[in-house]
Every structure is written in structure tokens, then in C-alpha cells.
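Here is the naming used below: chain letters follow the sequence lines, and residue numbers restart at 1 for every chain. It should be emphasised that the depicted structure is a prediction, and the values quoted were computed from it without experimental measurement. Note that these values count all heavy atoms, side chains included, but never hydrogens, waters or copies made by symmetry.
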Number of protein chains: 2
Amino acid sequence: MGKGKVTIKDVAKVAGVSTGTVSYALAGDPRINEKTRKLVEEAAHKLNYIPNEVGRSLRSRKTETIAFVIPNTSSHVFSHPYFLKLLEGITEVLEEYSYNLQISTTPSEKEEAKAYDKILRSNRVDGIILSSASLKDRNILRMVESGFPVVYLGKWHHEEVLTVERDDFRGAYEAASHLAGLGRRRIVHISGPLDHQESVDRLEGYKQALSDHQILYDASLVVEKDFSREAGAAAVEELRAANVRYDGIFAGNDLMAIGALKQLKRMNIAVPEEVSVVGFDDIDMADAVTPELTTVHQPMREIGRMAAEKLLAVLQDREVPEKRSIVSTRLIIRESCGGQPQ
Amino acid sequence: MGKGKVTIKDVAKVAGVSTGTVSYALAGDPRINEKTRKLVEEAAHKLNYIPNEVGRSLRSRKTETIAFVIPNTSSHVFSHPYFLKLLEGITEVLEEYSYNLQISTTPSEKEEAKAYDKILRSNRVDGIILSSASLKDRNILRMVESGFPVVYLGKWHHEEVLTVERDDFRGAYEAASHLAGLGRRRIVHISGPLDHQESVDRLEGYKQALSDHQILYDASLVVEKDFSREAGAAAVEELRAANVRYDGIFAGNDLMAIGALKQLKRMNIAVPEEVSVVGFDDIDMADAVTPELTTVHQPMREIGRMAAEKLLAVLQDREVPEKRSIVSTRLIIRESCGGQPQ
DNA sequence: CTGAAAGCGCTAACAA
DNA sequence: TTGTTAGCGCTTTCAG
């Protein structure tokens with residue numbers, strides 16, 4: 001039996017009905033007589049018939065495929081541990097609905113526009129889940145506003161667009177407050193790239209926490225880095241070189257926190273005795289390091305699930321309960337801070 | 001401009017040629033006159049024409065999409081850190097060739113057969129990269145032997161099938177030899193599930209290394225686990241409960257090694273002073289833990305690249321240089337063993 | 001070198 | 001309740 005050789009015509013012939021009837025019967029259309037349906041199903045089963053999805057898509061204008069798009073500008077996302085959790089959540093839901101998943105990374109930045117156009121208009125996918133990107137990225141804007149079904153993973157300043165967001169502000173607020181509550185007064189913030197909304201929000205949460213604890217904001221304690229371990233280590237090194245004194249670090253993500261931890265160890269600075277450290281993300285690595293990292297947990301798998309559910313609701317013309325969904329974070333206290341807040 | 005509304009007909013009309021000519025012109029067919037080609041290209045550009053891939057696929061019987069299939073039986077792969085590297089390698093190559101990537105996880109085991117059939121015969125993808133699976137999995141067998149273009153990531157006992165393999169035996173051999181070279185004599189092996197070829201090969205490499213170092217194989221030192229951190233910790237705990245004495249651990253992967261490390265720490269057993277530990281994989285976590293983990297590096301990104309290259313060679317009727325590709329591993333010596341071998 | 005036209009496999013509108 | 005048929009958008013023979 002050659003692959004894909006048996007078509008709807010063959011089934012129709014064997015069942016002694018027309019192709020239209022086969023199509024309806026297999027789709028479970030109520031208009032088809034029970035007996036005929038049985039007949040068709042038997043024929044299909046005997047021939048081991050599997051519909052050609054391409055023919056189906058062309059006619060019905062549906063692919064039952066969605067794309068998970070990772071913008072070039074945030075290509076780092078791709079190598080981040082939490083990306084897997086996101087993917088897990090998405091695939092779980094898609095499996096339930098028998099949808100397919102396509103992964104689209106965009107190539108070089110200059111070809112991005114074309115790449116997006118292609119995704120949107122080549123009719124290969126019905127909708128997309130868009131990973132968060134730089135605020136400067138104009139292509140994202142076009143994508144989101146194209147009218148094509150999109151769920152954006154992050155905050156988007158537009159009424160109509162569907163999003164699943166973390167509460168970055170609140171997460172950061174709690175993290176920094178925790179440090180302040182432990183008596184830390186000179187708290188460094190190693191932020192992610194500030195052209196990313198999440199970084200901005202985390203920085204704001206940090207500032208608010210300081211303010212609420214009567215700590216004066218000191219710009220020399222904030223360093224902007226790129227979310228990598230190396231950057232976290234570099235930040236600590238730079239602070240040393242600049243002779244900055246501090247007793248706490250709130251890092252914009254776990255990788256940077258872990259890099260910082262390592263550098264502190266190299267410099268023989270004791271964590272948490274001399275410096276308390278908090279991260280953000282709660283990746284698997286966070287409780288593998290020594291000391292175990294206190295961090296802000298974000299339910300990435302759940303976010304993936306929600307995004308997929310939301311997108312499918314649109315595609316299947318079901319009610320979308322809320323345009324913006326905001327999932328909350330949770331502070332996980334481990335060893336890198338030294339005890340519960342006072 | 002509505003999405004995907006402009007078709008080849010529109011372009012033909014504007015350019016004043018037939019649709020066939022447009023098709024050829026845009027494909028760069030040399031039969032088309034230079035002038036006509038220009039004309040068509042201009043029209044296409046002016047209309048912002050993007051071909052409907054579904055129509056194209058139906059006619060040409062090519063989707064320019066490949067699937068990366070993760071079998072249910074090895075669903076753990078999905079949550080493993082190196083999976084991302086694999087994905088990175090694959091997407092890099094696919095981007096070069098403008099191919100699309102579909103991720104297929106198979107649902108519950110009982111529906112696996114049907115799911116595979118669908119992937120193979122619904123004409124949605126041109127070929128697949130198949131992640132390694134249980135040796136017992138009959139569905140994999142069918143898939144590999146179906147004649148559909150498949151690249152299998154692992155060893156496969158069949159002449160015709162294309163594979164990209166690690167040298168698990170040699171990697172394990174070197175790991176265990178390293179321990180033996182450090183004077184370790186009672187070396188535990190925490191193996192992965194033994195219905196996976198890679199686990200079997202690593203076990204064999206371990207045995208060979210023992211034998212070459214005049215160490216008697218002791219079955220009580222081998223425990224079979226499931227590749228997770230928890231399992232690694234559990235293994236160490238079980239050894240304690242059974243009062244087994246040992247001075248080295250070779251774990252079947254890094255996660256188990258890291259789990260073991262943590263449990264040893266809980267039990268106040270010093271690494272590497274009392275027990276030397278080696279892992280396998282060299283995931284990012286390996287050099288984040290304390291002590292940093294000595295492990296066997298496998299170039300997952302390169303493996304992904306090779307698999308994609310190989311599959312594309314088949315799909316594009318190019319020469320496939322070798323059916324089986326075996327990439328070698330490399331022992332990375334860090335802190336968890338205590339020094340260079342004698 | 002280009003146009004006309006068949007047809008990939010399927011669905012859905014219309015007829016019967 | 002079922003059959004007939006047009007046509008989704010494209011590629012690729014076959015003529016010219």
C-alpha cells in the first residue's frame with residue numbers, strides 16, 4: 001500500500017456512493033443515513049484511508065495548524081529553559097483539539113518583515129502564538145494588527161489584541177520587597193534589556209518596592225544586561241570594579257542571578273550572609289545551584305496552555321472569555337536570601 | 001489588502017500573461033524571457049503577491065515542511081534540556097533551506113499507531129526526524145520501515161535507515177575509565193531505562209571500562225532509573241539503604257548525576273573527596289551546580305543540524321554521503337571527580 | 001518562449 | 001438522503 005495513494009474516490013467506489021457522500025459521512029454529518037455511514041466507514045477502514053490534509057485545507061481554507069513564532073529580536077528566548085515549558089503547555093492543548101504545531105523562528109532581522117508576511121499569508125497556518133519581543137519591533141506591530149488571529153505572550157498596548165501576560169510588576173515588587181524585608185538596603189537590580197516590556201515592568205516593580213520601604217532609588221545600583229548567565233557574572237564584576245557596595249541583588253531572570261551567584265562565589269562574597277540574591281522565572285536550574293535560588297515563579301506551562309486555549313477559541317468561533325489574561329507569579333523562598341522576611 | 005486574497009491569477013492579469021507563465025517566471029525557469037520575468041516580478045511585487053502554499057503543495061506534492069517527532073514512550077525527552085539544542089540545530093538548517101518545522105508529539109500510547117499513520121500519510125510533511133525511542137516501540141519500526149523519508153536520532157539495526165548517532169559506548173567508556181584512572185574501584189552506574197538503546201550502550205561502555213581496568217563487574221552497583229533528577233537522588237538513597245559501599249558514580253545522564261550530587265550532599269558525603277561523580281550530556285546545568293559536574297559532552301546542536309541536513313538531502317534528491325553518521329562525544333573534566341586521571 | 005488547460009484531493013452548494 | 005459538480009490556487013504537461 002503506497003503512502004497516501006488511496007483517495008476519497010477509491011473509498012467512494014468501494015462503498016458504492018459518491019465522493020460527496022463519503023466526505024459527509026466521514027465528517028459525521030447528520031444528514032447521512034446511518035447505514036450509509038457505516039458502509040462508508042467500513043470501506044474507508046478496509047482501504048486504510050487517510051484524508052489528504054492538503055486537499056482538505058485548500059478547499060476548506062483551514063489548516064488546523066497554528067504557528068508558535070519566536071521573533072528574531074528575542075532569539076534568546078529560544079535558548080531559555082522556560083521555553084520548553086511553554087512548548088509543553090501549548091502542545092498539550094493542541095493535542096486535545098488535534099491541531100498541529102509549527103515552530104517559526106524568523107531569520108535575520110532584515111528579512112523579518114518578509115518572513116512574517118509569509119507566515120500570515122501563505123495560508124499554512126490558521127493562527128499564531130507570538131512570543132514576546134522588543135518594543136521596538138515594528139514587524140510585531142504589523143503582525144498583531146493584521147487581523148490575523150494572534151495571541152501575544154506579553155503586554156500589548158492595544159484594546160483588541162489577545163494576550164497572556166505575567167504580572168511582572170507584582171512579581172518584581174514582591175522579590176524586591178522580600179529583600180527589603182530582610183533588612184537589605186542597598187539592593188542591586190540586574191535588569192534585562194530595557195527595550196523589552198517585561199524588563200521595564202520588573203524595574204518598575206523594583207522601584208515601587210524600594211519606595212514603599214523608604215529606600216531611596218539609586219541609579220548606580222541598576223545595571224542593564226541581556227538575560228544570560230555570562231551577563232549576570234559580568235554585572236557583579238562591573239559593580240566590583242566600580243566599587244559599588246550592596247547587600248542584595250534582584251536579577252531580572254534566573255540565568256543572570258545564577259551567573260551573579262557564581263561570580264560572587266569567585267570573589268569570596270558569601271551568599272546569603274553578605275549579599276542576598278533573588279531571581280525571576282524559577283527555571284529548573286534554580287534549585288540545582290548552591291545556595292538554592294530564591295526566585296519568582298511564573299507558570300510557563302500554564303501560560304502556554306492558556307495561550308493555546310485562547311487562540312483555539314478564536315479559531316473555532318467560541319467565546320473568548322477575556323482578551324487579556326494576567327497570570328500571577330509567586331515568590332519561592334529558598335536559600336539565597338537567608339530566611340523569611342522580618 | 002485582505003490576507004492571502006491576491007492569487008496567481010491577479011498577477012497574471014496585471015502582467016498581461018497567463019498563470020502558467022507567472023508560475024514559471026517566479027520560479028526562475030530559464031525558458032522564460034528575461035523581459036517577461038521582470039514584468040511578472042514587478043506585477044507580483046506591486047500586488048504584494050504571496051503564493052498560497054496549500055495550492056502549491058496540492059499540485060506539486062511537496063509541503064516543504066518536515067516534522068520533528070517525539071514518541072510518546074520517550075516523552076521525557078521533551079522536558080530534557082538538550083532537547084532545545086537539538087531544536088536549535090534543526091531550525092538553523094531548515095531556515096537556510098526555507099523549510100518549515102512541525103513538532104509532533106504523539107498522544108496516548110494506544111493512539112500512537114493512528115497518529116503515526118496520520119503523520120505519514122496525511123501529506124502534511126515531506127519527511128520526519130524521529131527522536132530516539134524505546135526499543136520495544138513497534139510503531140517506530142513501522143515508521144522507519146515505511147519508506148517515508150526518516151532520519152532517526154539513535155542507533156537502528158537496519159541497513160537502509162538514515163541515522164545520526166552518538167557514540168554512547170565510547171562516551172561511557174571514557175567516563176568510567178576516567179573514574180577508574182583516578183583510582184576509583186567501586187563505581188556505581190545509575191543507568192537510564194534499559195529498553196533504550198542509549199542506556200544499553202552506556203552500560204556496555206561502563207562494563208568495558210571496568211574490565212579494561214581489571215575491575216570486576218558487580219551487578220549490585222548498577223541501578224536502573226528514569227533519567228530524572230529525582231531518580232538520581234533516589235538511587236543514592238537506595239544504595240545507602242542497601243548499605244552498598246562505593247567511591248564513584250557514573251550516571252547515565254546529567255540530571256541523574258545532579259540528583260545524586262544533591263542527595264550525597266544531604267548525606268554529608270563529600271564530592272569529590274569521598275565519591276567522584278560523572279554525568280552524561282553536558283547540559284547547561286552541569287557547570288552551574290557545585291561542585292561543577294564532570295560529564296560527557298554530546299554536541300546536540302550539531303546532531304540536530306546533521307539530521308536536518310541529511311533529511312533535506314533526501315528530500316531534494318541530493319547525494320546522502322553516509323547513511324549512518326556517528327558523532328563523537330568528549331569528556332569534560334570539571335570538579336566533581338577531583339583532578340586529572342593518573 | 002508562452003498560452004491553454006488538466007487536474008492534485010477535497011468540500012460544499014445545489015440538484016435531484 | 002444522496003449524487004453531481006464547481007472550484008479552492010497552483011504546477012506542469014502539451015500545443016503552438
| query | Have Tyr97(A) and Glu309(A) got a donor and an acceptor in their side chains that come within less than 3.5 Å? | reply |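 Yes, Glu309(A) and Tyr97(A) have a side-chain donor paired with an acceptor closer than 3.5 Å.
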| request: Using distance alone, with no hydrogens and no angle criterion, decide if Glu95(A) and Thr105(B) have a side-chain donor and acceptor under 3.5 Å apart. | output: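 Short answer, yes.
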| request: Determine the contact category for Thr36(A): base if any of its heavy atoms lies under 4.0 Å from a base atom, sugar-phosphate if only primed atoms, P, OP1 or OP2 are that close, otherwise nothing. | output: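 Counting heavy atoms under 4.0 Å across all strands, the contact made by Thr36(A) is with sugar-phosphate only.
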| At under 4.0 Å between heavy atoms, what does Val54(B) touch on the DNA or RNA strands: base, sugar-phosphate, or nothing? |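 Nothing: the residue Val54(B), judged by heavy atoms under 4.0 Å, touches no strand.
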If I take atom [atom1] in residue [X] and atom [atom2] in nucleotide [N], what distance separates them, rounded to the nearest angstrom?
X	N	atom1	atom2	answer
Lys5(A)	dC8(C)	NZ	P	11 Å
Ile8(B)	dG3(C)	CD1	P	12 Å
Arg37(A)	dT1(D)	CZ	P	13 Å
Asn52(B)	dT11(D)	CG	C1'	13 Å
Lys35(B)	dC1(C)	NZ	C1'	13 Å
Asp29(B)	dT2(C)	CG	P	10 Å
Glu53(A)	dT11(C)	CD	C1'	13 Å
Lys13(A)	dG3(D)	NZ	P	15 Å

| Which angle, to the nearest 10 degrees, lies between the helix axes at the two ends of the helix from dC1(C)-dG16(D) to dA16(C)-dT1(D), each defined by five pairs? |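 Computed angle between terminal axes is 40°.
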| message | Taking side-chain contact (heavy atoms from CB on, under 4.5 Å) as the definition, give me every residue that meets it alongside Lys323(A), ordered by chain and number, with sequence neighbours left out. | response |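 With sequence neighbours excluded, Lys323(A) shows a side-chain contact (heavy atoms from CB on, under 4.5 Å) to Glu160(A), Leu162(A), given in chain and number order.
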| task | Return the nearest nucleotide to the side chain of Ser18(A); candidates are dG3(D), dC8(C), dC1(C). | result |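 From the listed options, dG3(D) comes nearest.
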| message | Heavy atoms from C-beta onward define the side chain here; which of dC10(C), dC8(C), dG9(D) lies closest to that of Arg56(A)? | response |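 Among the listed nucleotides, the one closest to the side chain of Arg56(A) is dC10(C).
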Provide a list of protein-nucleic acid N or O atom pairs under 3.5 angstrom, restricted to nucleotides 12-14 of chain D.
unit_1  : atom_1 : unit_2   : atom_2 : d
dT12(D) : O4'    : Arg59(B) : NH2    : 3.4

| field | Any side-chain heavy-atom pair of Ile303(A) and Leu86(A) under 4.5 Å | value |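 Result yes, sub-4.5 Å side-chain heavy-atom pair found.
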| message | Quick check on the 6.0 Å ring-centre criterion: do Phe68(A) and Phe83(A) meet it? | response |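 Between Phe68(A) and Phe83(A), the centre distance is under 6.0 Å.
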| message | Check whether Thr65(B) reaches the backbone of Thr63(B) with its side chain - one donor and one acceptor, N or O, closer than 3.5 Å. | response |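 Yes, the answer is positive, given that a donor and an acceptor are paired below the 3.5 Å cut-off.
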| field | Positive for side-chain hydrogen bond (donor to acceptor under 3.5 Å, both in side chains) with Glu165(A), one of Lys155(A), Arg324(A), Gln197(A) | value |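 Between Glu165(A) and the candidates, side-chain hydrogen bond (donor to acceptor under 3.5 Å, both in side chains) is satisfied uniquely by Arg324(A).
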| field | Ile32(A) or Leu58(A), whichever maps to the more 5' nucleotide of DNA chain D | value |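 This one resolves to Ile32(A).
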| message | Both conditions, 6.0 Å and 45 degrees, for the charged tip of Arg142(B) above the ring of Tyr116(B): are they met here? | response |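 No, Arg142(B) does not sit over the ring of Tyr116(B).
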| task | Of all the heavy-atom pairs spanning Asp10(A) and Lys5(A), show the shortest one and how long it is. | result |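 Looks like OD2-O, 3.8 Å.
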